[in-house]
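Notes to accompany the following structure.
Everything quoted here is computed from the prediction, not taken from an experiment. Every number for a ligand or one of its atoms is a count from 1 in the order of the listing.
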Amino acid sequence: MTQEESTTPSAFDLIGGEQVIRALADRFYDLMDMEPAYKELRAVHGSTLDDARDKLFWFLCGWMGGPQHYIERFGHPRLRARHMPFKIGILERDQWLACMDQAMDEVKVNADIRARLRESFFQTADWMRNQ
Ligand code: HEM
């Protein structure tokens, strides 16, 4: 995120660090797998979500201003390019955002940080659209 955040608490600190982000990534993919409301989003993914779960956890730690686990393993995220093989339209974007919001609710992410993340997730997910 920004330079400023080296002196002010990062989203990573505010959310509660790695333990909460791990729980969030796990809940996100459990819900995607389980809930009929996310069925088109689930269909874009492969048969197993195990790799995606770890990668989202590693990515989110760095994206929120914490340890750069994803970059250490895979280099620059290049998220838009990495998502090009998957069909991402409005429907998939909105299901991703709703699934993440439900996961944030269930993991009990504090309301202020949840509102801030919801906005950032929207920007990122919308930029990923390729249809
Ligand atoms: C907008 C709708 C989105 C769709 C349909 C989507 C779909 C996918 C799919 C199918 C994969 C591959 C999973 C696998 O390797 O098994 C993936 C990977 C990933 N997604 Fe998304 N995604 C979306 C949005 C996002 C957003 C908003 C973020 C981050 C805030 C994100 C972060 C990631 C990361 C970090 C990976 C792993 C990339 C890699 O190293 O291969 N995705 N996504």
Next item on the list: For residues F121 and W63, establish whether the separation of their ring centroids is below 6.0 Å.
Entry: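 Yes, the ring of F121 comes within the 6.0 Å limit of the ring of W63, centre to centre.
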Next item on the list: Would you please classify the geometry between the F86 ring and the H83 ring as parallel, tilted or perpendicular, with 30° and 60° separating the classes?
Entry: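 Taking F86 first and then H83, their aromatic rings stand perpendicular (interplane angle over 60°).
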As a test of reading the model: which N/O atoms of the protein lie under 3.5 Å from N/O atoms of ligand 1, and at what distance?
from	atom 1	to	atom 2	distance (Å)
ligand 1	20 (N)	H83	NE2	2.8
ligand 1	22 (N)	H83	NE2	2.9
ligand 1	40 (O)	Y70	OH	2.4
ligand 1	41 (O)	K55	NZ	3.3
ligand 1	42 (N)	H83	NE2	3.0
ligand 1	43 (N)	H83	NE2	2.8

Note to self: Restricting to ring-ring contact (aromatic ring centres under 6.0 Å, His included), what partner residues turn up for F57, sequence neighbours left out?
What the structure shows: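 Once residues adjacent in sequence are excluded, F57 has no partner under the ring-ring contact (aromatic ring centres under 6.0 Å, His included) criterion.
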Next item on the list: Give a yes or no answer on whether the side chain of E92 reaches the backbone of G89 with a donor-acceptor pair at less than 3.5 Å.
Entry: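 A pair under 3.5 Å: yes.
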Notebook entry, point to check: Is there any side-chain hydrogen bond (donor to acceptor under 3.5 Å, both in side chains) pair reaching into residues 27-37, and which pairs are they, with sequence neighbours excluded?
Noted result: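 Non-adjacent pairs meeting side-chain hydrogen bond (donor to acceptor under 3.5 Å, both in side chains): R27-E106, D30-R53, D33-R42.
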Enumerate, atom names and distances included, each donor-acceptor pair closer than 3.5 Å involving a side-chain atom of residues 11-19, sequence neighbours excluded.
from	atom 1	to	atom 2	distance (Å)
D13	OD2	S10	OG	3.3
E18	OE2	H69	NE2	2.7

